[in-house]
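Residues take their numbers from the sequence shown, with the count starting at 1.
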Amino acid sequence: TKIIETHEISKVYRMGNQTVEALKSISIEINKGEYVAFMGPSGSGKSTLMNIIGCLDTPTSGSYILNNNNVSDLTENELAEIRNKEIGFVFQTFNLLPRASSLENVALPLVYAGYNRYDREEMALEALNNVGLADRADHKPNELSGGQRQRVAIARALVNSPSIILADEPTGNLDSKTSYDIMDLFQQLHDRGNTIIMVTHEDDIAHYAHRIIRLRDGLVETDEINQNVVRQE
Ligand code: ADP
Ligand code: ADP
């Protein structure tokens with residue numbers, strides 16, 4: 001079943017009397033459970049597309065259907081609501097609260113979603129367990145390694161059971177050994193049925209995904225099944 005459908009979406013940025021067409025009529029379909037990597041040179045439109053897919057921004061024209069919701073022309077508030085429900089974000093810089101424990105960081109999206117303290121702790125612990133970090137629940141970010149911090153961020157992205165995990169250069173701040181560990185974790189999440197979309201400029205990272213979409217100048221240049229998926233034992 002389709003979880004993402006973009007129909008000829010374009011995005012035009014206006015700055016004074018200049019305009020930039022960051023996306024030019026992009027049509028993409030992504031099914032539930034797919035693992036997709038977006039690649040492409042700097043300025044090709046990856047962030048713009050991820051922002052639209054993540055409901056952080058809307059297209060200038062065209063339509064975007066996320067999990068059967070037409071989100072192309074929602075208000076800011078409606079967009080925020082659907083974003084909190086449907087999307088788990090993972091960032092290159094982890095974006096954790098420095099003074100909060102792993103458990104508190106992971107539980108944060110549940111505060112906004114209105115869960116009580118008991119449920120929040122239980123769900124956050126389960127999410128930490130899913131990334132192999134249940135024994136670091138009380139640690140603060142500066143007491144964790146880079147890879148562990150990214151695991152906490154991934155647990156936070158998962159805690160709401162979102163439809164899609166969106167990861168923007170998730171290994172950008174990690175050494176290669178740690179990067180491959182994080183890709184192992186993504187592979188496990190994919191095996192469990194999660195839908196994952198990541199942006200990366202690294203070929204060896206992209207090759208963990210099952211489909212690689214390359215953008216160039218705001219257009220889809222190639223959209224291919226990855227015949228050589230990297231898998232670890
Ligand atoms: P990528 O993520 O592939 O580097 P972007 O989506 O960030 O590409 O940018 C695509 C194009 O849109 C670039 O030409 C960029 O300069 C332009 N752009 C991106 N964001 C803005 C913005 N907020 N205002 C004006 N131009 C922008
Ligand atoms: P083939 O020779 O059959 O094309 P490749 O190993 O070149 O096999 O490509 C396998 C997958 O990796 C394809 O989906 C392709 O889109 C992608 N791919 C190919 N070349 C590159 C590259 N330079 N960077 C990132 N991905 C690539």
Run Asn67 and Glu86 through side-chain hydrogen bond (donor to acceptor under 3.5 Å, both in side chains) and show every step you take. CA-CA 8 Å; Asn67 212 5; Glu86 307 279 356; 2.9 Å; yes

What verdict does the side-chain hydrogen bond (donor to acceptor under 3.5 Å, both in side chains) test give for Glu34 and His210, after you've listed the backbone C-alpha separation in whole Å, the side-chain angles of each residue and the deciding distance to 0.1 Å? CA-CA 7 Å; Glu34 273 199 85; His210 292 227; over 6 Å; no

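Salt bridge absent: Glu221 and Arg214 never bring a charged side-chain N and a carboxylate O closer than 4.0 Å. The pair Asp223-Arg211 meets the salt-bridge criterion, since a charged nitrogen lies less than 4.0 angstrom from a carboxylate oxygen. Between Lys11 and Asp57 there is a salt bridge, since a side-chain N of the basic residue sits under 4.0 Å from a carboxylate O of the acidic one. Residues Arg117 and Glu121 are paired through a salt bridge, judged by an N-O separation under 4.0 Å between the basic side chain and the carboxylate.
Remark: Asp138 CG is loosely packed, at most 12 non-hydrogen atoms of other residues, nucleotides or ligands lying under 6.0 Å away. More than 12 heavy atoms of other residues, nucleotides or ligands shown are found within 6.0 angstrom of NZ on Lys24.
Ile154 and Ile182 get closest at one heavy-atom pair: CD1-CG2, 4.0 Å. Contact detail for Leu79 and Cys55: the closest heavy-atom pair is CG-O, 3.3 Å.
With no hydrogens or angles considered, a side-chain donor-acceptor pair links Ser10 and Ser61 at under 3.5 Å. Side-chain contact check for Asn51 and Thr48: no donor-acceptor pair (N or O, by modelled atom type) lies under 3.5 Å.
Atom-to-atom distance recorded for Phe89:CZ and Arg83:CZ is 6.5 Å, nearest 0.5 angstrom.
For the pairing with His139, the side chain to side chain contact (heavy atoms under 4.5 Å, CB included) check across Leu133, Leu144, Leu103 returns one residue only, Leu144.
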